[in-house]
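See structure below.
Since the structure is predicted, the reported quantities are computational estimates derived from the model, not experimental observations.
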Protein chains: 2
Amino acid sequence: MKRITIRDVAKQANVSIGTASRVINGAPNVEAAYRTRVLAAIKTLGFVPNRAAQEVRKGRSREIGIIVRDITTPVLASFVRAAQDLFEEAGYGLLICSSDNRKDRELELLRRFRQRRIEGLITTTSSEVDTDLAQARNDLDFPVLMFDREVDGAHDIVQVDHASGVNQAVTYLLSLGHRRILLSTGPLNIYPARARVEGYKRAFAAQRLDVDPALVRTAGFDAATGFRETAVALERANRPSAIIAGGIDMLPGVLKAIRATHLHVPRDISVIGGADSDLALLAEPAISVLRWNFTEIGATCARMLLERIEAADTEPRRLAFAPELVVRDSCAAVVIAPAQKRESRQK
Amino acid sequence: MKRITIRDVAKQANVSIGTASRVINGAPNVEAAYRTRVLAAIKTLGFVPNRAAQEVRKGRSREIGIIVRDITTPVLASFVRAAQDLFEEAGYGLLICSSDNRKDRELELLRRFRQRRIEGLITTTSSEVDTDLAQARNDLDFPVLMFDREVDGAHDIVQVDHASGVNQAVTYLLSLGHRRILLSTGPLNIYPARARVEGYKRAFAAQRLDVDPALVRTAGFDAATGFRETAVALERANRPSAIIAGGIDMLPGVLKAIRATHLHVPRDISVIGGADSDLALLAEPAISVLRWNFTEIGATCARMLLERIEAADTEPRRLAFAPELVVRDSCAAVVIAPAQKRESRQK
DNA sequence: ATGAAAGCGCTAACAG
DNA sequence: CTGTTAGCGCTTTCAT
């Protein structure tokens, strides 16, 4: 089965290759009779232009890359979808990849994107301090928009204001009388974890309360870590009275661990989720969460990157979106004297 | 910023373009001294071969395409990941796209894949009977593996045995005394919906019971439809005593609708989910589900497609995987006399 | 083992 | 408006 090329089309339509090409690319200056003949030839032969050849010749790919940690996370999907809509409208295709938060995979994806000569990249990174990754990013000859990270280099940056989010959550819990609040989040070499810890400390400081460093855990963002951290914390004699899931998809892990201890939410333990989800909404009781408008954020990223592609040498920009605390039924007021807490469990 | 090409590398290393190319492609017959010089040049110049040019010249893309309805669905993500692992190992890249179950988008994706000259495709389809889609699929000049669909054409087919799954679910519910069982699933122009309905009827027939056609709903697979169908059904005087979510991600919608009516699971209404999820596991009570090994299925699809690429003219094959009913706490035995049911609601 | 040169499928510049 | 032709970046003969 021989591949049909533009040459076959030209021959079939009895025109030159150039004319065939013009028709394919919708050039205006083609006589109607020729155009119809070429179109007919395309149809009968079932010709589809070879994209790779077009890219080589045109010297540009009209593709944008995007790297997320895990496309499965529904909020990230809405982020990607919003960005995709804008890119398609602007004539760009979108290559979507998951890094699984692994350095080797991230490097591999950057390499492939270079090979593909993409014209822009929206990405997070598994580490802000890793020199290999920083090197690989700086070797890129297309603009990079950093999402929710804090890195050196001339990148545009769009972030979620996690400090504000966790600050709202902790302030709320403190007002309910909670003092032992577990924050489980990712490693401090990544901005969202640092910001959450900062927001946590700020909220305590505002009330002139001390932070128990043992309650600030930075082991990882994923659900499995959420499970482990929660399980360990709940087994301790002086267990926390509230937990903040400091990651976008940690909530399942946290809830599984709580379930395993037979503690009751919110009577025995209050919970605030790191992002909204069906699970948070449908859990019994419904879980209070920090929520962002990911669709808006995705659209903004796309817009900024498109502008950057147009104007490569303007100043890098930086933007932050503040989350909103959605109060549902997963946080209860707590008796102030710590000794009482154990009793309330019996009730 | 000038793009560096293999020509620059050759010049820098003082070798011919051919030699540079041989080094880049790891050809064995290059003298060590030349090789090191080329490698050094590549490094200092930061050269990365242009993938599009390679594809044009080699006449093949070494890419596989995959179209799923919605990559967000976690089970589909594990399906894709398993397939991806095998493809990468075999030297193929994977282009992952969501069709959103929309015909226009599906056609557009097929068109793009043709332009990209992919060498194989794993896909579902939004309609098995649509002639445009069938036409577009048959115009493809690379092998297509149909996932969970029933279409004409010389495609390999891998399916989930939904008939068996729903049959298990209904048989189980009948054994608990349920008679009014709502099955909410997708339109009958798609295999998984047809198969589920068939499994439903078979289970009733096996007990010599009649099916109430009003309880077999085929409006759609998505969560929003699950919500609507459930809400409507629960408002009727003679409401069902059990609901089967006949779709991979319908459960959130079903549960939301139940929540809105203040009915209690499983006392007032029993529920079986169409696929396993964190939500099913963590809901209160935990939801019984039909479960498949999506990782295994994804790997199988990849393997079959790779074999098909090797041997284009062997007989198309067909495979089905049976789901397993995972019993949790969302189904209760029901009092047989229908009149009693309303009372139990007050209790 | 290496270099020169042809050419993959296509677009665009040029001449007519 | 159309045809001819150079050449995008690369791989792969074909000589040497």
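The distance between atom CG of B:Asn29 and atom P of D:dC14, rounded to the nearest whole Å, is 15 Å. Atom P of nucleotide D:dT12 and atom CD of B:Glu55 are separated by 13 Å, given to the nearest angstrom. Between the CD1 atom of A:Ile6 and the P atom of C:dC10 there is a distance of 6 Å, given to the nearest Å. In this structure, the CG atom of A:Asp8 is 13 Å from the C1' atom of C:dC10, given to the nearest Å. At whole-Å resolution of the value, CZ in B:Arg51 and P in D:dT11 are 11 Å apart. Straight-line distance from the CD1 atom of B:Ile17 to the P atom of C:dG7: 16 Å, rounded to whole Å. Separating the CZ atom of A:Arg114 from the P atom of D:dG9 is a distance of 15 Å, rounded to the nearest angstrom. Between the C1' atom of D:dG9 and the CZ atom of A:Arg60 lies a distance of 18 Å, rounded to the nearest Å.
Base contact: A:Ser21 has a heavy atom under 4.0 Å from a base atom. No engagement by A:Ile24 is indicated, since no non-hydrogen atom pair under 4.0 Å with the nucleic acid exists. At a threshold of 4.0 angstrom between heavy atoms, the contacts of B:Val30 are confined to the sugar-phosphate backbone, with no base atom among them. Among the atoms of the strands shown, base atoms are found under 4.0 Å from some heavy atom of B:Gly18.
To the nearest 0.5 Å, atom CZ of residue A:Phe87 and atom OH of residue A:Tyr92 are 9.0 Å apart.
Along DNA chain C, the nucleotide nearest B:Ala32 and the nucleotide nearest A:Arg57 are compared for position; the residue whose nucleotide lies closer to the 5' end is B:Ala32. Between B:Ala53 and B:Arg22, the residue anchored closer to the 5' end of DNA chain C is B:Arg22, taking for each the nucleotide with the nearest heavy atom.
With salt bridges taken as basic N to acidic carboxylate O contacts below 4.0 Å, none links B:Glu31 and B:Arg35.
Checked options B:Arg51, B:Arg116, B:Arg117; the residue passing with A:Glu55 is B:Arg116 (criterion: salt bridge (Lys or Arg N to Asp or Glu O under 4.0 Å)).
Judged by a 6.0 Å distance limit and a 45° cone about the ring axis, B:Arg37 is positioned over the six-membered ring of B:Tyr34. Annotation: cation-pi pair B:Arg149/B:Tyr191 absent, no NZ/CZ under 6.0 Å from the ring centroid and within 45° of its normal.
Distances shown here put every side-chain N or O of B:Gln54 at or beyond 4.0 Å from the OP1 or OP2 atom of D:dC10. Within the structure, every side-chain polar atom (N or O) of B:Thr5 is placed at least 4.0 Å from both OP1 and OP2 of D:dG9. Between A:Thr19 and the phosphate of D:dT2, there is no side-chain N or O to OP1/OP2 separation shorter than 4.0 Å. Side-chain nitrogen and oxygen atoms of B:Asn25 include at least one within less than 4.0 Å of the OP1 or OP2 phosphate oxygen of D:dT11.
When distances run from any side-chain atom of B:Arg7 to the nucleotides D:dC8, C:dG9, C:dT2, the shortest one goes to D:dC8. Distances from the side chain of A:Lys58 to the nucleotides C:dT11, C:dC10, D:dG9 place C:dT11 closest.
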